[in-house]
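In listed order, ligands and their atoms are each counted from 1. Keep in mind the model is a prediction, meaning the values are calculated, not measured.
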Amino acid sequence: MSKTTEIEKVKKDITSHPLDSEQAVESFRLTYLSRKGIITEMLAGIGKAAPEDRARLGKELNALKKLATSRFEEAKAARSSEKASRAAATDDPTLPPPPLPTGSSHPLSQTLEEIKNIFYRLGFTIADGPELEDDFHNFTALNFPPEHPARDMQDTFFIRKDELNPSRDLVLRTHTSPVQIRLMKEQKPPLRAIMPGRVYRNESITAKSYCLFHQVEGLYVDRNVSLADLKHTLITFAGHLFGKDLKYRIRPSFFPFTEPSLEMDIWWETGNRPGQWMEILGAGMVHPNVLSAVDIDPEIWTGFAFGMGVERITMSRFEIDDIRLLYDNDIRFLAQFP
Ligand code: PHE
């Protein structure tokens with residue numbers, strides 16, 4: 001059979017090939033147009049034809065390919081519009097719409113929400129203060145003497161002096177304790193509040209520490225507030241947050257603004273890591289010097305205060321082992337905490 005009669009035959013086959021179903025359209029494509037299809041192979045065979053025939057063959061084959069391609073495209077379009085009209089016919093406008101994708105709140109926000117709820121039930125209100133603080137509220141009023149090495153406990157970001165008041169040094173607050181001072185200056189006891197907020201420390205960034213993090217400060221000032229009240233409050237709080245079989249310990253510690261001072265650790269055991277003690281908060285009885293600095297008579301009033309790290313608590317609750325994950329805003333990470 002000469003090449004030309006072969007082409008004629010294929011042309012006939014193309015025109016008569018059924019195209020009335022999705023499978024038929026696909027078999028058409030495979031037979032003629034795919035990489036191993038008849039037309040592709042014929043085109044590849046041009047090189048073997050007699051040189052004087054090549055130009056004509058090329059033309060004829062290209063026309064054939066055009067024909068097959070246009071039949072295929074037409075059939076495909078017809079199939080899909082048929083499908084669409086079939087779908088439209090079965091569309092039920094009374095069905096509820098498909099649900100919209102929703103985000104979820106950040107694991108830090110989830111923890112903070114829970115902490116706030118627990119203290120709300122214990123009768124605490126919420127207060128806040130500025131992140132750009134002055135030396136007086138962040139240190140001096142909290143019984144850090146000037147030049148005292150206790151100021152080095154917290155690596156401070158110092159900000160330029162306050163231009164309106166050059167004697168006032170500005171810092172990014174290193175803890176939420178300055179809000180205690182602001183609250184006690186504004187309101188007189190009895191006082192019972194928590195003070196959540198962001199704090200900053202000039203530390204090197206590692207899996208365990210970041211240049212900013214969140215604390216929740218707590219303050220309770222009334223007549224006859226005792227260390228037993230503090231212990232009871234902390235244990236009740238931790239039991240609500242971590243569950244009944246929580247294992248904790250309370251250790252003596254030091255802060256200039258509390259006396260005595262303590263720290264609370266919880267036993268942290270997750271997945272395959274060995275269990276370990278993790279410090280979640282510092283606390284103590286408000287130092288009489290602090291009360292005096294805000295004109296509250298320490299002979300009449302006593303109080304306790306505590307400050308906890310929200311990141312630490314979040315990392316233990318959700319088994320997160322790198323604090324930086326909490327600040328990357330990587331959706332693959334965040335989507336794990338619906
Ligand atoms: N402000 C302390 C800190 O940042 C925590 C603390 C708060 C300790 C209140 C005692 C009382 O580490």
Side-chain angles (χ1 to χ4, degrees), residues 112 115 119 122 124 126-131 133-145 148-157 171-184 191-203 208-222 225-235 237-238 248-266 278-291 293-294 296 298 301-313 323:
L112 192 56
I115 295 174
F119 282 108
L122 295 177
F124 285 73
I126 294 183
D128 67 2
E131 292 175 19
E133 259 300 2
D134 52 35
D135 181 277
F136 173 77
H137 289 89
N138 198 78
F139 293 120
T140 308
L142 287 164
N143 201 32
F144 287 82
H148 192 280
R151 290 180 189 230
D152 293 340
M153 274 165 68
Q154 303 171 337
D155 307 288
T156 310
F157 283 112
V171 299
L172 286 177
R173 67 178 178 194
T174 55
H175 52 178
T176 42
S177 300
V179 191
Q180 287 183 35
I181 302 299
R182 292 181 177 272
L183 188 67
M184 289 189 284
L191 286 173
R192 186 160 30 166
I194 57 167
M195 297 146 255
R198 188 173 278 194
V199 304
Y200 301 83
R201 290 193 196 170
N202 192 3
E203 288 174 343
K208 287 209 156 151
S209 64
Y210 201 65
C211 49
L212 62 90
F213 56 98
H214 297 77
Q215 288 187 332
V216 175
E217 191 83 9
L219 177 70
Y220 180 31
V221 183
D222 205 338
V225 177
S226 71
L227 190 64
D229 297 322
L230 171 59
K231 262 183 81 176
H232 182 73
T233 304
L234 295 181
I235 294 166
F237 160 74
Y248 68 89
R249 70 181 184 193
I250 287 174
R251 291 178 288 112
S253 183
F254 170 79
F255 301 100
F257 38 94
T258 48
E259 180 59 35
S261 302
L262 59 88
E263 274 170 346
M264 185 177 197
D265 302 334
I266 58 160
M278 185 174 62
E279 178 211 320
I280 59 160
L281 58 81
M285 302 305 294
V286 181
H287 197 292
N289 288 355
V290 174
L291 295 173
V294 290
I296 291 177
W301 306 100
T302 50
F304 67 65
F306 55 83
M308 65 185 74
V310 183
E311 274 74 359
R312 285 273 179 109
I313 293 174
I323 191 170

Which of the numbered atoms in ligand 1 are below 4.0 angstrom from a heavy atom of [X]?
{"X": "Gln215", "result": "3 (C), 4 (O)"}
{"X": "His175", "result": "1 (N), 4 (O)"}
{"X": "Gly307", "result": "6 (C), 7 (C), 9 (C)"}
{"X": "Phe306", "result": "7 (C), 9 (C), 11 (C)"}

Pairing of Arg182 and Glu133 as salt bridge, 4.0 angstrom limit: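 Counted as a salt bridge, because a side-chain N and a carboxylate O are separated by less than 4.0 Å.
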
Given the rule in the side-chain contact (heavy atoms from CB on, under 4.5 Å) test, do Arg173 and Val179 qualify, once you have shown the distances and angles that lead to the verdict? CA-CA 10 Å; Arg173 67 178 178 194; Val179 191; 3.6 Å; yes

Can the ring centroids of His175 and Phe257 be said to lie less than 6.0 angstrom from one another?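 Ring centres of Phe257 and His175 closer than 6.0 Å.
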
Establish, yes or no, whether a centroid distance under 6.0 Å links the rings of Phe119 and Phe306.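 Close enough - the centres of the two rings lie under 6.0 Å apart.
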
Counting only nitrogen or oxygen atoms and a 3.5 angstrom limit, does Thr258 reach ligand 1?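 In this structure, Thr258 places no N or O atom under 3.5 Å from an N or O of ligand 1.
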
Flag side-chain contact, heavy atom, 4.5 Å: Val199 against Phe213: yes

Which bit of His287 gets closer than 4.0 Å to ligand 1, counting heavy atoms only: side chain, backbone, both or neither?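 Near ligand 1, His287 shows nothing, with every heavy atom at 4.0 Å or more.
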
Heavy-atom proximity to atom 10 (C) of ligand 1 ranks first, among Ser177, Ala283, Gly309, for Ala283

Is there a heavy atom of Glu263 sitting under 4.0 angstrom from any atom of ligand 1?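 In this structure, Glu263 fails to qualify as a contact of ligand 1 - no heavy atom is under 4.0 Å.
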
Check contact between Phe257 and ligand 1, using heavy atoms of the residue and a distance below 4.0 angstrom.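 Yes, Phe257 has heavy atoms under 4.0 Å from ligand 1.
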
Taking Glu279's backbone N and O only, do any of them form a donor-acceptor pair with Arg312's side chain (distance below 3.5 Å, no angle check)? yes

Determine yes or no for a side-chain-to-main-chain donor-acceptor pair under 3.5 angstrom, with Asn138 supplying the side chain and Thr174 the backbone. yes

